[in-house]
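Residue numbers begin at 1 in each chain, while the letters A, B, ... track the order of the sequences.
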Amino acid sequence: MKRMTSALAIAVASIVGLTACGGGGDPLASDAPSGTTSAGSSGPIVVGGADFSESTLLAEIYAGALRAKGVDATTKTNIGSREVYLRALEDNSVQVFPEYTGALAVYYDKSYDGTDPDEVYAHVKEVIPDTLAVLEKSAAEDVDSLAVTQETADAKNLKTIEDLKGIAGDLTLAAQPEFKERPQGVVGLKKEYGITFGSFRPLTGQAVLQALVNGQADVANVFSTDPGIAANNLVVLEDTKKVFGSQNIVPLVRADKVDQVKDALNAVSAKLTTDALTQMLKKTDIDKQDPKAVAAEFLKANGLA
Amino acid sequence: MINSLLQWFTDPTNWAGADGIPHRLLQHLWYSLLAVVVAMVIALPLGLWIGHSGRGRWLVSTANSLRAVPTLGLLFAVSLWVGPIFRGDLAFLVPAVFVLLLLAVPPLLAGTYAGVEAVDPAARDAARGVGMTGWQVLRQVELPCALPLVMSGVRTAVLQVVATTTIAALIGLGGLGRYLIDGIALSDYARAAGGALLVGLLAILLEGLLALLQRRLVSPGLTGGNRAVGGRGKDSGNAPVEATDSSAGDATGSHDPRVRA
Amino acid sequence: MDWLSSHWRTVLDLAVSHLYLAGLPLVLGLVISLPFAWAAKRWRGSYAAVVTSTGLLYTIPSLALFVIMPLVLGTKILDPVNVLVAMTIYTVALLTRTVADGLLSVPDHVEQAATAMGYGALRRLFGVELPLAVPVIAAGLRVAAVSNVSIVSIASVIGVSQLGNLLVDGYRRIIWGELWTGIIACLLLALALDALILVVSRLLTPWQRTAGGRA
């Protein structure tokens with residue numbers, strides 16, 4: 001018995017040790033960009049993508065456009081949420097990332113609540129760290145939204161997010177885990193509209209929309225470009241208080257790589273529209289085509305590759 | 001880093017409500033327990049029958065080969081499949097428990113089967129000799145003798161399930177895995193590490209409790225012998241529990257047959 | 001099948017990464033578990049402590065270990081090294097007891113004979129004990145191989161590419177073909193590694209065949 005106890009004690013110590021005593025610092029907060037920072041305008045470029053379809057698609061479009069200009073570009077998708085991939089940009093694991101103006105503004109300035117696209121874009125330029133830069137924003141926009149099924153909208157007479165007030169306590173919200181703690185998410189909904197949902201179902205990808213369609217959730221956070229909205233006849237509740245802000249798609253790049261990538265990516269931004277994006281997402285998510293192939297098609301059609 | 005971890009653990013908001021540690025811990029135990037109990041209901045009778053009758057041994061090897069199916073993939077597949085079938089929370093609970101169940105069955109089945117099979121034929125014959133029926137032999141002789149190996153299977157199954165229950169958070173369930181998934185999603189390192197630590201501690205605690213339970217359950221006639229004989233054999237230095245445990249590994253063919261994700 | 005026929009190139013690339021992330025730790029883990037196992041055998045009193053404490057490492061959830069690694073190693077968060085090291089830890093956790101039991105399974109009289117022939121402790125370990133323990137060690141390696149292949153797939157959640165990408169993407173975009181391809185590819189990889197270890201173990205122990213004894 002004594003021996004077993006001591007064995008357990010050693011095990012506890014080793015697990016605690018593994019968890020607690022590391023080489024130091026928070027690895028997700030590494031602020032020292034390692035690797036070749038002086039590479040400047042040459043060398044390979046890794047375009048990152050977050051853990052949802054649109055981000056993967058945009059990453060493939062950026063990488064394709066870069067390759068067409070002779071840049072050695074590859075993609076690294078599925079990196080996770082903004083909180084994770086911004087660190088990946090900072091530690092130089094990736095150099096380019098498709099981003100959203102409003103989300104970036106709020107990430108670096110928690111209290112920011114501007115909604116005009118140009119103002120938001122200007123604000124992003126001010127608040128992001130010196131090591132990062134945004135290129136030209138595109139006309140394409142993709143905002144978070146709260147969606148319900150047609151039946152729910154009819155039964156509860158819902159048109160705007162405000163209409164949820166008073167009944168939200170009985171409803172389940174399905175959304176990405178990070179949505180729960182973002183200002184442009186549950187936090188903002190409570191602050192601006194005074195609504196708190198009865199329960200929260202954290203999901204990713206199409207599972208969010210599926211939970212709504214399958215009846216496991218009453219309200220879901222769906223991206224406005226999601227082709228599933230039309231395909232499933234969902235009702236998007238109007239964001240009258242602009243909690244979700246203005247979200248133009250913009251390339252976020254490491255400052256030391258701007259010269260190498262700006263021509264190719266600004267050309268993409270000039271051609272990208274919300275419609276084009278929604279059409280492409282229909283191909284990737286509904287018709288299950290490859291993001292890479294859909295991206296190549298777009299680049300070719302717009303003379304970018 | 002230790003500071004932020006300590007901060008996370010001592011922050012009272014992390015101990016209250018639906019996101020609080022007590023609630024997440026209970027959820028974790030609930031999913032795990034459900035899976036292990038259902039797995040026991042399936043595997044123990046089946047293992048006893050296979051060991052007792054000597055028939056259906058292929059079931060043991062089939063169950064073992066199921067370990068090669070990637071847990072994550074199975075979880076996703078079942079989750080997508082049952083999503084449209086259940087309207088409520090069952091749509092998330094059923095896939096998770098099913099996948100955990102598949103992890104728990106092989107060690108339970110192997111342990112039970114090997115335990116019964118390894119019973120000294122002389123003991124079995126003696127029992128029959130004094131007029132016991134097949135059922136009585138199973139209950140009064142084979143089961144008690146098989147208990148060390150059965151318990152070893154239970155311990156393996158429980159540890160595996162408790163560790164794997166973390167990925168239930170990937171399909172929208174709660175449990176301690178929430179801290180890991182949400183911690184990663186929000187880049188909140190203290191939360192992720194705190195969740196990791198909690199699962200590790202829970203596993204160690206359960207391992208200790210099960211080891212104690214095994215001591216209480218297993219007949220002294222089976223383990224006491226080791227202690228009584230003392231200096232005999234090369235394994236004499238081992239505590240009885242660990243000794244039976246390691247022989248369990250050998251008897252089940254594939255040592256420590258745990259696979260989890 | 002449709003999905004696979006248009007994506008086999010990607011699947012192949014991911015499978016190679018998967019094999020690397022699951023396979024290399026098997027070798028590293030075996031090498032690292034040797035001294036632990038040897039110590040557990042040499043000092044019998046330490047057996048329980050060594051075997052239990054290394055075994056309990058296996059109870060750390062993989063997701064947790066993947067996340068902790070950059071902290072311990074000082075690596076970048078997307079670095080595959082994090083996964084390699086985590087998988088090596090799991091391999092050590094599974095193998096230490098097996099290797100120790102394998103070494104312990106060598107009959108006393110064999111060791112005594114080797115000693116009598118003038119073998120030193122080191123030469124006896126590598127020349128006699130380890131070769132004789134191969135069947136037991138191989139059995140443990142096979143379990144670890146199958147386990148590693150399954151666990152590695154979870155690294156997709158933290159952005160390290162391998163076959164798990166097919167699982168995650170198949171789930172997120174609800175593409176059954178992709179999800180099934182991922183599951184079956186993982187399964188085949190696990191079975192292939194398993195078979196490889198079995199074959200190597202047979203080749204290393206020719207006496208097992210000639211003696212008619214099967215492990």
Side-chain angles (χ1 to χ4, degrees), chain A residues 2-4 6-15 17-30 33-35 46 48-53 56 76-80 84-85 87-88 90-94 203-210 228 284-286 288-293, chain C residues 2-3 6-7 9-10 40 44-61 64-65 67-80 82 85-86 89 92-93 155-162 164-178:
Chain A
K2 210 171 165 190
R3 191 166 288 130
M4 203 182 70
S6 63
L8 286 179
I10 292 173
V12 172
S14 59
I15 290 185
L18 254 181
T19 321
C21 60
D26 178 344
L28 301 177
S30 56
S34 44
V46 180
D51 56 357
F52 54 95
S53 299
T56 307
K76 186 155 186 63
T77 53
N78 264 320
I79 297 181
V84 176
Y85 63 66
R87 310 283 175 124
E90 283 167 22
D91 82 3
N92 209 9
S93 298
V94 298
L203 293 164
T204 52
Q206 287 293 301
V208 177
L209 198 142
Q210 286 304 310
T284 60
D285 283 14
I286 308 264
K288 316 293 183 195
Q289 290 182 30
D290 245 20
K292 203 171 181 171
Chain C
D2 249 12
W3 192 90
S6 51
H7 294 84
R9 200 53 244 211
T10 317
R44 298 283 160 80
S46 69
Y47 176 94
V50 171
V51 160
T52 312
S53 52
T54 52
L56 275 174
L57 286 176
Y58 196 76
T59 64
I60 308 173
L65 204 52
V67 177
I68 289 166
M69 277 299 125
L71 172 78
V72 180
L73 303 171
T75 44
K76 295 183 188 178
I77 55 175
L78 299 175
D79 199 328
N82 300 326
V85 175
I89 290 175
V92 171
S156 290
V157 178
I158 55 151
V160 175
S161 294
Q162 26 64 38
N165 286 19
L166 305 179
L167 306 176
V168 171
D169 192 58
Y171 171 70
R172 290 204 178 124
R173 291 167 63 207
I174 316 188
I175 304 177
W176 282 102
E178 186 175 17

Test your reading of the model: is there a side-chain donor-acceptor pair from K76(C) to the backbone of D91(A), 3.5 Å cut-off? yes
How would you list, by chain and number, every residue that makes a side-chain hydrogen bond (donor to acceptor under 3.5 Å, both in side chains) with S53(A), sequence neighbours excluded? D285(A)
Can you tell me if K76(A) uses its side chain to pair, donor with acceptor, with the backbone of S161(C) under 3.5 Å? no
Residues that D169(C) engages under salt bridge (Lys or Arg N to Asp or Glu O under 4.0 Å), provided they are two or more places apart: R173(C)
Region of S156(C) that comes under 4.5 Å of a non-hydrogen atom in chain A: backbone
Going from CZ on R87(A) to CG on L78(C), what distance comes out if it is rounded to the nearest 0.5 angstrom? 12.5 Å
The interface call for T56(A) against chain C, heavy-atom contacts under 4.5 Å, is neither
Most heavy-atom pairs under 4.5 Å with chain C, out of A207(A), G205(A), G48(A), belong to G205(A)
Between D51(A), T77(A), V208(A), N78(A), which shows the greatest number of heavy-atom pairs under 4.5 Å with chain C? D51(A)
Atom NE2 in H7(C), atom NZ in K292(A): separation rounded to 0.5 Å? 10.5 Å
Contacting moiety of V168(C), where chain A heavy atoms sit under 4.5 Å: side chain
Chain C contact via I286(A) - which portion, at a heavy-atom distance below 4.5 Å: neither
Exercise: identify the closest heavy-atom pair between K288(A) and I175(C): CD-CG1, 3.4 Å
